[in-house]
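Below you'll find the structure, written out as structure tokens, and then a few comments.
No hydrogens, no waters, no symmetry mates; every other heavy atom, side chains included, goes into these values. When a ligand or atom number is given, it counts from 1 through the structure's own listing order.
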Amino acid sequence: MGSMELSPGDQSSIKQAVAALKLGQLVAFPTETVYGLGADAANPEALQRLYNVKGRPASHPVIVHLSSLAQLRDWASTISPAAFKLAETFWPGPLTLILPKAQHVLDQVTGGQTSVGLRIPSHPLALALLREFSGGVAAPSANKFGRLSATCAEDVAAELGADVAVVLDGGPCDLGIESTIVDFSQGSPQILRPGMILAEHIEAIIGPVARAAGASTPSGGKDLSPLPPRVPGGLPSHYAPLTPLRLVESQSLEREIEYWRQAGKSVCVLSFSQATLPGVIWLAASREPFEYARHLYRNLRMLDQKAQDLILVESPPGSGEWSGIADRLARASVKESRTKEVQNE
Ligand code: TXA
Ligand code: MG
């Protein structure tokens with residue numbers, strides 16, 4: 001979709017946003033996954049501002065967003081045939097490729113590594129912004145470091161407020177969880193972060209890919225092993241609400257609710273079925289993974305705002321199409337030790 005199809009209002013917001021990027025300011029924009037907090041990827045001061053506003057440690061790399069395949073060579077030094085096939089197949093779309101970086105790519109983008117994360121998003125406003133800006137836009141999710149990603153313009157404003165020069169409002173995000181990340185910088189391809197483009201979709205194009213430890217967690221996420229710190233999304237306690245979140249198997253949900261309530265804790269619940277229990281805030285989520293993912297962060301933000309002692313989330317199914325969701329929920333959930341603290345308070 002070209003900017004021709006955008007409303008005059010959107011076109012003028014895009015002009016404003018491009019001007020802000022050129023001044024080294026920050027711009028929030030919608031993508032099909034989550035909102036991004038963008039900065040000119042070639043401007044060190046802008047990148048510094050980005051890290052400050054996000055509260056993100058300097059060693060953590062950010063994804064550079066592009067508008068066309070032709071730009072790939074400006075940012076990556078080596079593009080293997082398999083990586084190029086994935087780019088051609090899934091871009092614009094919810095896929096990030098980690099590739100050996102081109103020489104000029106700044107350390108603030110790569111976290112000092114020799115690789116760079118690249119993606120062409122498909123949201124029309126994102127594409128229009130990227131085309132008009134013409135350079136690469138470094139954009140992590142538009143949230144404070146370690147917190148839930150924002151999936152609508154209101155959540156971006158609530159989270160980042162005055163630190164952002166322009167917030168482009170593209171309505172709620174279509175997919176709702178972050179892109180699938182495939183790493184091509186270490187030899188054979190590896191999925192670092194599962195998303196709504198599934199391992200099987202990728203394997204159908206390029207053959208077998210490895211899954212990073214913890215990148216695909218079983219239902220319940222109990223065997224979450226820590227990833228190297230160079231992938232902050234891979235750290236446990238990422239994508240987290242402020243209220244402790246516990247994943248609970250379907251068959252023990254009722255018992256868990258009862259247990260915590262008897263321990264004097266207020267609980268709210270995100271489950272696949274609706275139930276009415278007096279005094280329990282209850283959200284019913286879809287049994288369809290795309291629908292579930294679309295509303296996941298909004299649902300968790302809503303429950304977080306209820307200021308209960310605990311959020312109990314019914315574990316998602318263990319099948320592939322739920323792997324991105326299961327991964328985010330596992331990372332949002334409290335570790336056993338913290339749960340014990342809650343228990344013993
Ligand atoms: O869907 C998405 O990917 C969203 C939208 C805004 O595009 N962006 C996003 O960015 O989720 P962020 O910064 O929240 O997560 C990016 C992930 C991080 O876990 C980061 O470590 C990883 O990508 N990443 C970026 N560059 C990398 C690199 N060179 N090597 C390894 N991991 C990298
Ligand atoms: Mg993020």
Side-chain angles (χ1 to χ4, degrees), residues 26-39 41 47 50-51 53-66 75-77 90-102 105-123 125-127 129-130 136-151 156 159-160 168 170 173-186 189-197 212 214-215 227-240 293 297 324 327-328 331-332:
L26 305 183
V27 165
F29 61 96
T31 82
E32 71 280 26
T33 59
V34 299
Y35 273 70
L37 177 62
L47 292 166
L50 180 65
Y51 276 78
V53 166
K54 256 206 82 111
R56 185 173 192 153
S59 59
H60 291 297
V62 288
I63 298 169
V64 177
H65 294 66
L66 306 173
W75 294 88
S77 65
F90 295 111
W91 285 352
L95 175 77
T96 295
L97 298 178
I98 309 294
L99 299 170
K101 78 177 191 82
V105 182
L106 296 169
D107 276 350
Q108 286 149 298
V109 166
T110 65
Q113 303 181 78
T114 54
S115 61
V116 62
L118 300 169
R119 146 167 145 83
I120 302 180
S122 67
H123 194 291
L125 279 183
L127 276 179
L129 173 73
L130 292 164
V137 173
S141 50
N143 54 278
K144 298 282 185 190
F145 184 67
R147 309 245 63 96
L148 297 169
S149 298
T151 50
V156 175
E159 179 110 7
L160 300 169
L168 294 175
C173 296
D174 192 29
L175 288 173
I177 64 169
E178 304 79 0
S179 61
T180 303
I181 301 181
V182 186
D183 185 3
F184 281 93
S185 70
Q186 311 285 314
Q190 192 181 32
I191 296 177
L192 292 184
R193 179 174 73 183
M196 298 314 277
I197 290 179
L227 283 183
R230 68 194 194 85
V231 190
L235 294 175
S237 280
H238 214 75
Y239 312 102
Y297 289 135
D327 171 80
R328 301 314 183 276
R331 295 182 197 297

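- Put simply, Asn143 stays out of reach of the Mg ion (ligand 2), with no N, O or S atom under 2.8 Å from it.
- Within ligand 1, counting atoms from 1 as listed, the ones closer than 4.0 Å to a heavy atom of Gly117 are 26 (N), 29 (N).
- In terms of N/O distances under 3.5 Å, ligand 1 is not approached by Thr110.
- Between Arg56 and ligand 1 there is a heavy-atom distance shorter than 4.0 Å.
- Set against the non-hydrogen atoms of Ile181, the atoms of ligand 1 under 4.0 Å away are 17 (C), 22 (C), 23 (O).
- Ser141 and Glu178 form no side-chain donor-acceptor contact under 3.5 Å, judged by distance and modelled atom types alone.
- Listed by number with element, the atoms of ligand 1 under 4.0 Å from a non-hydrogen atom of Ser115 are 28 (C), 29 (N), 30 (N).
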Inset, instruction - Please lay out, stage by stage, how Val137 and Phe29 fare under the test side chain to side chain contact (heavy atoms under 4.5 Å, CB included). - result: CA-CA 11 Å; Val137 173; Phe29 61 96; 4.0 Å; yes
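- In this comparison of Ala139, Gly112, Ser179, Gly36, the heavy atom closest to atom 8 (N) of ligand 1 sits on Ala139.
- Proximity of Val116 to ligand 1, defined as any heavy-atom pair under 4.0 Å, is confined to the backbone N, CA, C and O atoms.
- The distance from atom CG of Leu95 to atom CD1 of Ile120, rounded to the nearest 0.5 Å, is 10.0 Å.
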Inset, instruction - Give the intermediate values and the outcome of side chain to side chain contact (heavy atoms under 4.5 Å, CB included) for residues Leu97 and Phe90. - result: CA-CA 11 Å; Leu97 298 178; Phe90 295 111; over 6 Å; no
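- Counting the atoms of ligand 1 from 1 in the order shown, those under 4.0 Å from a heavy atom of Glu178 are 1 (O), 2 (C), 11 (O).
- The distance criterion of under 3.5 Å between nitrogen or oxygen atoms is not met by Lys54 with respect to ligand 1.
- For the pair Ser77 (side chain) and Lys101 (backbone), a donor-acceptor distance under 3.5 Å is present.
- Separation of atoms CG (Asn143) and NZ (Lys54) is listed at 4.0 Å; rounding is to 0.5 Å.
- Of all the heavy atoms of His123, none lies under 4.0 Å from any atom of ligand 1, so neither backbone nor side chain is involved.
- Contact annotation: for Gln113 versus ligand 1, heavy atoms closer than 4.0 Å belong to the side chain alone.
- For the atom pair CG of Asp174 and CD of Glu32, the computed distance is 8.0 Å after rounding to the nearest 0.5 Å.
- Inclusion of Thr31 in the set of residues having an N or O under 3.5 Å from an N or O of ligand 1 is not warranted.
- Between His60 and ligand 1 there is no heavy-atom distance shorter than 4.0 Å.
- Considering both main-chain and side-chain atoms, Tyr35 never comes within under 3.5 Å of ligand 1 through any nitrogen or oxygen pair.
- Remark: His123 NE2 to Tyr35 OH distance equals 6.0 Å, nearest 0.5 Å.
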Legend entry - side chain to side chain contact (heavy atoms under 4.5 Å, CB included) between Thr33 and Arg119, intermediate numbers included: CA-CA 12 Å; Thr33 59; Arg119 146 167 145 83; 3.1 Å; yes
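- With ligand atoms numbered from 1 in the order given, ligand 1 contributes 5 (C), 6 (C), 7 (O) to contacts under 4.0 Å with heavy atoms of His65.
- Counting only N and O atoms by type, the side chains of Thr96 and Ser179 include a donor and acceptor under 3.5 Å apart.
- Here Asp183 contributes atom CG and Leu192 contributes atom CG; the two are 4.5 Å apart, rounded to the nearest 0.5 Å.
- Every atom of ligand 1 with a heavy atom of Thr33 under 4.0 Å away is listed here by number and element: 1 (O), 2 (C), 4 (C), 5 (C).
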